[in-house]
**Student:** 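Take a look at this one; I'll ask things after.
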There are 2 protein chains.
Amino acid sequence: MKLAEAKQQFISSWGAFGTHWGINRTMAQIHALMLISPDPLTQDDIMEELNISRGNVNMNTRELINWGLIERVILPGERKEYFSAEKDIWKVVKQIVKERKKRELEPMLKLLDQLENVEGDKKEKKVKSFIEIVSGIKKLGHQADKTLDTMVKAEENWFVGNLIKLFK
Amino acid sequence: MKLAEAKQQFISSWGAFGTHWGINRTMAQIHALMLISPDPLTQDDIMEELNISRGNVNMNTRELINWGLIERVILPGERKEYFSAEKDIWKVVKQIVKERKKRELEPMLKLLDQLENVEGDKKEKKVKSFIEIVSGIKKLGHQADKTLDTMVKAEENWFVGNLIKLFK
DNA sequence: TTGAATTTTCAATAGTTTTTGAAAATTTTA
DNA sequence: TAAAATTTTCAAAAACTATTGAAAATTCAA
């Protein structure tokens with residue numbers, strides 16, 4: 001396979017992958033393009049490579065910056081802004097975990113804490129069933145939260161080494 | 001908070017949560033409703049509780065069955081079909097992990113294996129950069145794949161006990 | 001069998017999300 | 001400061017996804 005084709009395949013499948021994870025296709029494609037680009041890119045580079053409008057590039061690069069996955073780079077002597085992606089994939093994964101934990105897991109756990117204190121007779125089947133499920137999710141969720149905290153702090157070596165040994 | 005309100009909140013936030021994970025809102029809501037229902041439900045029960053059409057219930061229950069999260073139940077002497085959800089939340093999580101691994105991670109890894117063998121001079125900056133990223137993702141992906149395999153086979157006690165100790 | 005009950009299908013519609021592109025705002029250079 | 005280059009915004013349009021509901025198919029009891 002030639003590089004041009006491989007590049008297209010990578011970008012397109014990274015985009016499809018992203019949609020399964022609640023990330024919009026274009027944002028994931030821009031990220032993919034930037035991951036494999038050795039040098040920083042401008043808005044125009046991205047527009048051209050992916051055939052999308054300037055507005056689209058602007059919105060999605062901003063969002064990627066919010067996620068902490070790319071950053072603006074000013075090249076000395078250049079008028080245009082450049083963008084550059086974090087290339088260490090373990091750092092990328094940790095950053096995504098960190099953000100999603102904050103945006104999704106933590107609010108959910110807050111809600112579950114409230115829902116567990118629902119009024120009503122715990123001998124009633126409906127009430128009992130509700131509390132059991134909520135408590136179960138809460139317990140596992142808090143556990144996952146702690147585990148992910150540790151992961152976010154960890155080095156890749158630690159993950160690939162120690163954890164995997166344990167899992168064997 | 002009263003049970004009725006707590007129920008609504010749980011269903012609605014589980015639905016919103018689902019959309020962040022590439023699952024459609026209604027499918028997640030049906031799943032939520034069934035998790036907290038002590039007894040199996042019919043299509044009509046679900047239609048009424050969530051105010052959605054029969055067709056919608058039918059499609060989404062089928063999809064939940066494909067995901068292995070609910071099952072059809074025949075109650076003796078009853079004409080209608082009932083549906084019942086797996087209530088053990090650890091089993092639910094493992095089932096979701098298993099499915100997503102099969103649907104998303106494994107195809108991605110297959111593609112990466114191909115992309116790593118891209119033609120071209122590895123001294124060229126573009127080619128080098130491409131191979132480095134692809135190899136990095138591949139390596140971490142295969143590691144994650146193995147780890148998830150072990151998790152899918154594990155008991156909850158194992159997870160909450162051993163893993164967490166290690167993570168402290 | 002028959003026909004009533006129930007489930008399934010799917011074309012049409014409604015709703016949501018993404019993308020465009022041109023105008024406005026901002027930044028930089030001279 | 002002026003004006004050229006660049007970035008940002010956002011209303012409108014396009015694209016995509018989910019939902020409805022009625023007709024078709026299936027199942028079941030008698």
Side-chain angles (χ1 to χ4, degrees), chain A residues 11-34 40-67 69-84 103-104, chain B residues 11-34 40-67 69-84 103-104:
Chain A
I11 290 170
S12 128
S13 87
W14 201 250
F17 204 62
T19 60
H20 286 124
W21 291 85
I23 287 161
N24 99 31
R25 178 179 264 89
T26 304
M27 181 173 149
Q29 288 186 347
I30 293 177
H31 188 220
L33 173 64
M34 299 201 27
L41 300 176
T42 62
Q43 278 199 353
D44 292 84
D45 294 333
I46 298 167
M47 285 168 67
E48 200 177 308
E49 291 261 10
L50 303 179
N51 275 296
I52 57 179
S53 72
R54 185 175 302 283
N56 202 358
V57 171
N58 194 274
M59 291 179 97
N60 283 295
T61 47
R62 173 139 35 70
E63 197 56 15
L64 283 165
I65 290 170
N66 287 343
W67 275 84
L69 298 175
I70 68 175
E71 56 175 20
R72 269 179 235 276
V73 176
I74 306 296
L75 296 190
E78 289 275 7
R79 179 88 175 250
K80 288 186 179 176
E81 287 184 333
Y82 285 74
F83 297 96
S84 164
R103 295 171 189 215
E104 297 159 31
Chain B
I11 290 169
S12 128
S13 86
W14 201 250
F17 204 62
T19 60
H20 287 124
W21 292 87
I23 287 159
N24 99 31
R25 177 177 265 89
T26 303
M27 182 173 148
Q29 288 185 347
I30 294 176
H31 188 220
L33 172 65
M34 299 201 28
L41 301 176
T42 62
Q43 277 199 352
D44 292 83
D45 294 333
I46 299 168
M47 284 167 68
E48 200 177 308
E49 292 259 12
L50 302 180
N51 274 296
I52 57 179
S53 71
R54 185 175 302 283
N56 202 358
V57 171
N58 194 275
M59 289 179 99
N60 283 296
T61 47
R62 173 140 34 71
E63 197 57 15
L64 283 165
I65 291 170
N66 287 343
W67 274 84
L69 298 175
I70 68 175
E71 56 175 21
R72 270 179 235 274
V73 176
I74 305 297
L75 296 191
E78 292 273 7
R79 179 84 176 255
K80 287 186 179 178
E81 287 185 333
Y82 285 75
F83 296 97
S84 164
R103 295 170 190 218
E104 297 159 31

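Proteins come first, then strands; the chains are lettered A, B, ... in the order of their sequence lines, and each starts at number 1. All values reported here derive from a predicted model rather than from experimental measurement.
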**Student:** Take the protein atom CZ of F83(B) and the nucleotide atom C1' of dT8(C), then report the distance between them rounded to whole Å.
**Tutor:** 11 Å
**Student:** Rounding to a whole Å, what distance do you find between M47(A):CE and dA22(C):C1'?
**Tutor:** 12 Å
**Student:** May I have the distance from Q43(A) (atom CD) to dA5(D) (atom C1'), rounded to whole angstrom?
**Tutor:** 12 Å
**Student:** Once you round it to whole Å, what is the distance between P of dA14(D) and CG of N56(A)?
**Tutor:** 16 Å
**Student:** Nearest of dT8(D), dG21(C), dT7(C) to any side-chain atom of R72(A)?
**Tutor:** dT8(D)
**Student:** Within this structure, what is the NZ-to-C1' distance between K80(A) and dT26(C), rounded to whole angstrom?
**Tutor:** 16 Å
**Student:** Would you name the heavy atoms of I30(B) and V57(B) that are closest together and state the gap between them?
**Tutor:**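 Answer, listing the atom of I30(B) first, then V57(B): CD1-CA, 4.3 Å.
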**Student:** Report the distance from atom CD of E63(B) to atom C1' of dA18(D), rounded to the nearest whole Å.
**Tutor:** 13 Å
**Student:** Check this one for me: any side-chain N or O of N58(A) less than 4.0 Å away from OP1 or OP2 of dT8(D)?
**Tutor:** yes
**Student:** CD/Q29(A) to CG/L50(A) distance, rounded to the nearest 0.5 angstrom?
**Tutor:** 6.0 Å
**Student:** Does E78(B) CD have over 12 foreign heavy atoms under 6.0 Å away?
**Tutor:**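 Above 12, so yes.
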**Student:** Would you kindly compare R25(A) and R79(B) by the position of their nearest DNA chain D nucleotide and give the one closer to the 5′ end?
**Tutor:**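 Counting from the 5' end, the first nearest nucleotide belongs to R25(A).
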**Student:** Could you check whether any side-chain heavy atom of E49(A) comes within less than 4.5 Å of a side-chain heavy atom of I11(A), counting everything from C-beta outward?
**Tutor:**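 Answer no - side chains too far apart.
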**Student:** Send over the distance from D44(B) CG to dT8(C) C1', rounded to a whole Å.
**Tutor:**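 Atom CG in D44(B) sits about 14 Å away from atom C1' in dT8(C).
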**Student:** Which nucleotide wins on minimum distance to the side chain of E81(A), given the candidates dT19(D), dT20(C), dT7(D)?
**Tutor:** dT7(D)
**Student:** Between P on dT13(C) and CD1 on I52(B), what's the gap in Å once rounded to a whole number?
**Tutor:**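 Value for this atom pair: 21 Å.
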**Student:** Over all heavy atoms of both residues, which pair between T19(A) and A16(A) is shortest? Give the atoms and the distance, please.
**Tutor:**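 Shortest heavy-atom separation between T19(A) and A16(A) comes out as OG1-O, 2.5 Å.
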**Student:** If you assign each of E78(A) and R54(A) to its closest nucleotide in DNA chain C, which residue comes earlier from the 5' end?
**Tutor:** R54(A)
**Student:** Of the nucleotides dT7(D), dT19(C), dA18(D), which one has an atom closest to the side chain of N24(B)?
**Tutor:** dA18(D)
**Student:** Which nucleotide, dT6(C), dT9(C), dT9(D), lies nearest any side-chain atom of R62(B)?
**Tutor:**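 Closest of the options to the side chain of R62(B): dT9(C).
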